[in-house]
Amino acid sequence: MKTTNFYEKVYQIVRRIPYGKVTTYGLIAAHLGVKSSSRMVGYAMNSSHSLPNIPAHRVVNRNGMLTGKFHFPTPTLMEELLQNEGIRVKNDMIINFKNYLWIPEND
DNA sequence: TCTTTGACGCTGA
DNA sequence: ATCAGCGCCAAAG
């Protein structure tokens, strides 16, 4: 059957993001083997609101910038959640982003 | 069925 | 180092 598991894969990875950690669209896409489709990852997240336990706020772009914050119920919710996890956000950007960066692995 | 969109990333100037 | 433009690929209308 080989349907498009793209979204499904993305959701699984995002769900695996540990508390206090963040990842990027590019890393997720790369993990799926389609690093060129980094945009699709974010697009998939758009539907993530339909599913629970999808910490979309832990997913940022490769610059560590909260690009998708405007897509949240409130544009401040995303940084609020991140800061709530101990991640410092300044100017919509994660401080020491690289320090909080989490890379999806097969565990 | 075809067109437009899109929470990104990279290369070139 | 900074700015701008193009490319990717899948999903929804």
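By convention in this document, chain letters (A, B, ...) are assigned in the order of the sequence lines, proteins followed by strands, and residues within each chain are numbered from 1.
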Would you jot down, in residue-number order, the residues of residues 9-32 of chain A having a non-hydrogen atom under 4.0 Å from DNA chain B? A/Tyr25, A/Gly26
Once you round it to whole Å, what is the distance between C1' of B/dT4 and CZ of A/Arg39? 12 Å
Closest of B/dA7, B/dC8, C/dA11 to the A/Ser38 side chain is B/dC8
A/Tyr7/A/Ser48 under side chain to side chain contact (heavy atoms under 4.5 Å, CB included): CA gap, chis, key distance, verdict: CA-CA 8 Å; A/Tyr7 279 37; A/Ser48 70; over 6 Å; no
Are A/Val34 and A/Val59 linked, directly or through other ILVMFWY residues, by side chains that come within less than 4.5 angstrom of each other? yes
For A/Glu8 and C/dA11, what is the distance between atoms CD and C1' respectively, to the nearest whole Å? 16 Å
Protein-nucleotide distance (A/Tyr7, atom OH; B/dA7, atom C1'), rounded to Å: 11 Å
B/dC10 phosphate, OP1 or OP2: any side-chain N/O from A/Arg62 under 4.0 angstrom? yes
Between A/Glu85 and A/Arg58, is the closest basic N to carboxylate O distance under 4.0 Å? yes
Starting from P on B/dC8, measure out to CG on A/Asn46 and report it in whole angstrom. 11 Å
Look at the side chain of A/Tyr43 and decide which nucleotide, out of C/dC8, C/dA11, B/dA7, has an atom nearest to it. C/dA11
So, does A/Asn61 use its side chain to make a donor-acceptor pair with the main chain of A/Asn63 at under 3.5 Å? yes
Considering only heavy atoms from C-beta outward, does the side chain of A/Gln83 approach that of A/Arg88 to under 4.5 Å? no
With the side chain counted from C-beta on, respond yes when A/His49 and A/Ile54 share a heavy-atom pair under 4.5 Å apart, and no when they do not. no
Strand contacts (DNA chain B) in residues 63-77 of chain A, 4.0 angstrom heavy-atom criterion: A/Thr67, A/Gly68, A/His71, A/Phe72
Do A/Met45 and A/Phe70 share a hydrophobic cluster, counting only Ile, Leu, Val, Met, Phe, Trp and Tyr and linking them when any side-chain heavy atoms are less than 4.5 Å apart? no
Does a side-chain heavy-atom distance below 4.5 Å link A/Tyr43 with A/Ser37? no
Look at all strands and tell whether A/Asn61 reaches a base, only sugar-phosphate, or nothing, counting heavy atoms closer than 4.0 Å. sugar-phosphate
Taking ILVMFWY side chains as joined if any heavy atoms are under 4.5 angstrom apart, and letting links pass through other members, which residues group with A/Leu27? A/Val22, A/Val60, A/Leu66, A/Phe72, A/Leu77, A/Met78, A/Leu81, A/Leu82, A/Ile87, A/Val89, A/Ile94, A/Phe97, A/Tyr100, A/Leu101, A/Ile103
